[in-house]
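Letters A, B, ... are given to chains in the order of the sequence lines, protein chains preceding strands, and every chain is numbered from 1.
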There are 2 protein chains.
Amino acid sequence: MTGGDPTEEIVEHLFALVDSLRAGFEATAAAFDLSVAQAKVLRYVAGSGPVPMRDVACRMRCDASNVTGIIDRLEDRGLVERRASSADRRVKTLVATARGQEVAGALWSAVRSGAVAQLRMDDDDRVTLLRLLGRVDHVAPR
Amino acid sequence: MTGGDPTEEIVEHLFALVDSLRAGFEATAAAFDLSVAQAKVLRYVAGSGPVPMRDVACRMRCDASNVTGIIDRLEDRGLVERRASSADRRVKTLVATARGQEVAGALWSAVRSGAVAQLRMDDDDRVTLLRLLGRVDHVAPR
DNA sequence: TATTGTTATACTCTATAACTATA
DNA sequence: TATAGTTATAGAGTATAACAATA
């Protein structure tokens, strides 16, 4: 088990961690009857005030046509609303409803708790990890 | 930016990292014309010798019916083969073809390189990160 | 009776292309 | 002409339920 290439080993651990955290996230979102994509979009809309559909597509790094369906489902459940933009009549602006704000808050609180529970670290290690993670080349910091 | 709850902050970084590594993985797999699920299954089959379909479902933590389709596509491309089990005639055993072994090796080598490039760490930090990750509560170490 | 793998079905996410209504 | 959003279409992953073959 020991003695392997350290670089290879760290990547193995890293991908195990990615899978684990992703699975935890998916399970937490599912507890709120949301998919991963829906949970991310709801959070973005709830946290960033009125945003055009287009901005959601950019943030999610997906095609705009996807966003239509995801917002359809969030809107059907009363978590998000489409509104006309006063500045540009082509644009539809997204706003979280009161219920949407509640769900987003509860969901992401649960996500954070779950992730911290998985980490099982003391304060020192947590600070060290934070320092290391701060250097990672993130495509899109959230 | 600074001064927030350290726990909250670390989770933000962690999920940004998860998204980033996952996106890199997806892009690398796509360069081999494979989906994320196909890449994972191919690696498991190529690395674990003859395995029953059922074992793949357990490893992937998904329903057995999914595996049928994923293996169908890998088999259509000549990367994997279904074989009859001599011990139990209900079981189909999976083996990577020579081409499947090649692809699995090249793909995962590229995945490791990409992940290391994203990390941008010196040796000391890499050792530290490895130590921290070793404590994380992985659902399924690979 | 229980298990292995498949099929049928349905839903979500994903992209591309074509369309509309604006700009 | 270019852009925002939608629709149509297609493919992939996911789960549930029902099924045949085998244990």
Side-chain angles (χ1 to χ4, degrees), chain A residues 19 22-45 50-77 79-95, chain B residues 19 22-45 50-77 79-95:
Chain A
D19 276 356
R22 167 127 186 148
F25 179 26
E26 194 171 349
T28 303
F32 288 82
D33 270 308
L34 292 171
S35 69
V36 166
Q38 286 165 5
K40 286 182 179 176
V41 169
L42 177 59
R43 185 201 195 198
Y44 179 50
V45 173
V51 291
M53 302 277 291
R54 176 67 39 176
D55 289 10
V56 177
C58 291
R59 172 54 75 103
M60 296 286 289
R61 300 178 196 288
C62 73
D63 192 83
S65 60
N66 295 339
V67 179
T68 298
I70 294 170
I71 295 296
D72 281 350
R73 290 179 273 277
L74 289 176
E75 199 170 29
D76 285 348
R77 293 181 46 189
L79 301 175
V80 157
E81 275 180 17
R82 282 173 169 98
R83 292 188 186 163
S85 164
S86 49
D88 185 335
R89 285 160 54 191
R90 292 172 304 180
V91 172
K92 290 176 187 171
T93 309
L94 301 170
V95 183
Chain B
D19 277 356
R22 167 122 185 152
F25 179 27
E26 194 171 348
T28 302
F32 288 82
D33 270 305
L34 291 171
S35 69
V36 166
Q38 286 164 8
K40 285 181 179 176
V41 170
L42 177 59
R43 186 201 196 198
Y44 179 50
V45 173
V51 291
M53 302 278 289
R54 175 67 39 178
D55 288 10
V56 177
C58 292
R59 172 55 74 101
M60 297 285 288
R61 300 181 196 285
C62 73
D63 192 83
S65 60
N66 296 338
V67 179
T68 299
I70 293 170
I71 295 297
D72 281 349
R73 290 180 272 277
L74 289 175
E75 198 169 29
D76 285 347
R77 294 182 44 191
L79 301 175
V80 157
E81 276 181 16
R82 283 174 168 95
R83 293 188 187 162
S85 164
S86 50
D88 185 336
R89 283 160 55 190
R90 293 173 301 181
V91 172
K92 290 176 187 171
T93 309
L94 302 170
V95 183

Upstream residue (5' side of DNA chain D) when Gly69(B) and Asp88(A) are each assigned their closest nucleotide: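 Nearest nucleotide further toward 5': that of Asp88(A).
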Ala37(A) to Met60(A) - nearest heavy-atom pair and separation: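 Closest approach of Ala37(A) to Met60(A): O-CE, 3.9 Å.
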Heavy-atom pair with the smallest gap, counting every atom of Ala29(A) and Ala39(A):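 So the two residues come closest at CB-CB, 4.1 Å.
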Passing option when Val56(A) is tested against Asn66(A), Ile70(A), Val67(A) for side-chain contact (heavy atoms from CB on, under 4.5 Å):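 When side-chain contact (heavy atoms from CB on, under 4.5 Å) is applied between Val56(A) and each of Asn66(A), Ile70(A), Val67(A), only Val67(A) qualifies.
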dC11(C) phosphate, OP1 or OP2, under 4.0 Å from Arg73(A) side-chain N/O: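 Negative; the distance criterion is not met.
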Under 4.0 angstrom between Ser35(B) side-chain N/O and dG13(D) OP1 or OP2: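 So the side chain of Ser35(B) is within the cut-off, an N or O lying under 4.0 Å from OP1 or OP2 of dG13(D).
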Distance-only donor-acceptor test (3.5 Å): side chain Ser65(A), base dT16(C):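 Side chain to base: pair found, below 3.5 Å.
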Quiz item: Arg90(B) side-chain donor-acceptor pair to dT3(C) base, under 3.5 Å: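 Looking at the base of dT3(C), it does pair with a donor or acceptor on the side chain of Arg90(B) (distance under 3.5 Å).
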Closest-nucleotide 5' rank along DNA chain C - winner of Asp72(B) and Ala64(A):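 Final value for this comparison: Asp72(B).
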Distance in angstrom units between [X] [atom1] and [N] [atom2], rounded:
X        : N       : atom1 : atom2 : answer
Arg89(B) : dT6(C)  : CZ    : P     : 16 Å
Asp63(B) : dT16(D) : CG    : P     : 6 Å
Asn66(A) : dA17(C) : CG    : P     : 14 Å
Arg77(A) : dT12(C) : CZ    : P     : 10 Å
Arg82(A) : dA4(D)  : CZ    : C1'   : 12 Å
Asp55(B) : dT4(C)  : CG    : C1'   : 11 Å
Asp33(A) : dC11(C) : CG    : C1'   : 13 Å
Lys92(B) : dT7(C)  : NZ    : P     : 8 Å

Side-chain donor/acceptor of Arg77(A) to backbone N/O of Asp33(A), under 3.5 Å: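 Pair found, side chain donor or acceptor close to backbone of Asp33(A).
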Lys40(A)/Asp19(B) ion pair, N-O < 4.0 Å: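 Yes, this pair counts.
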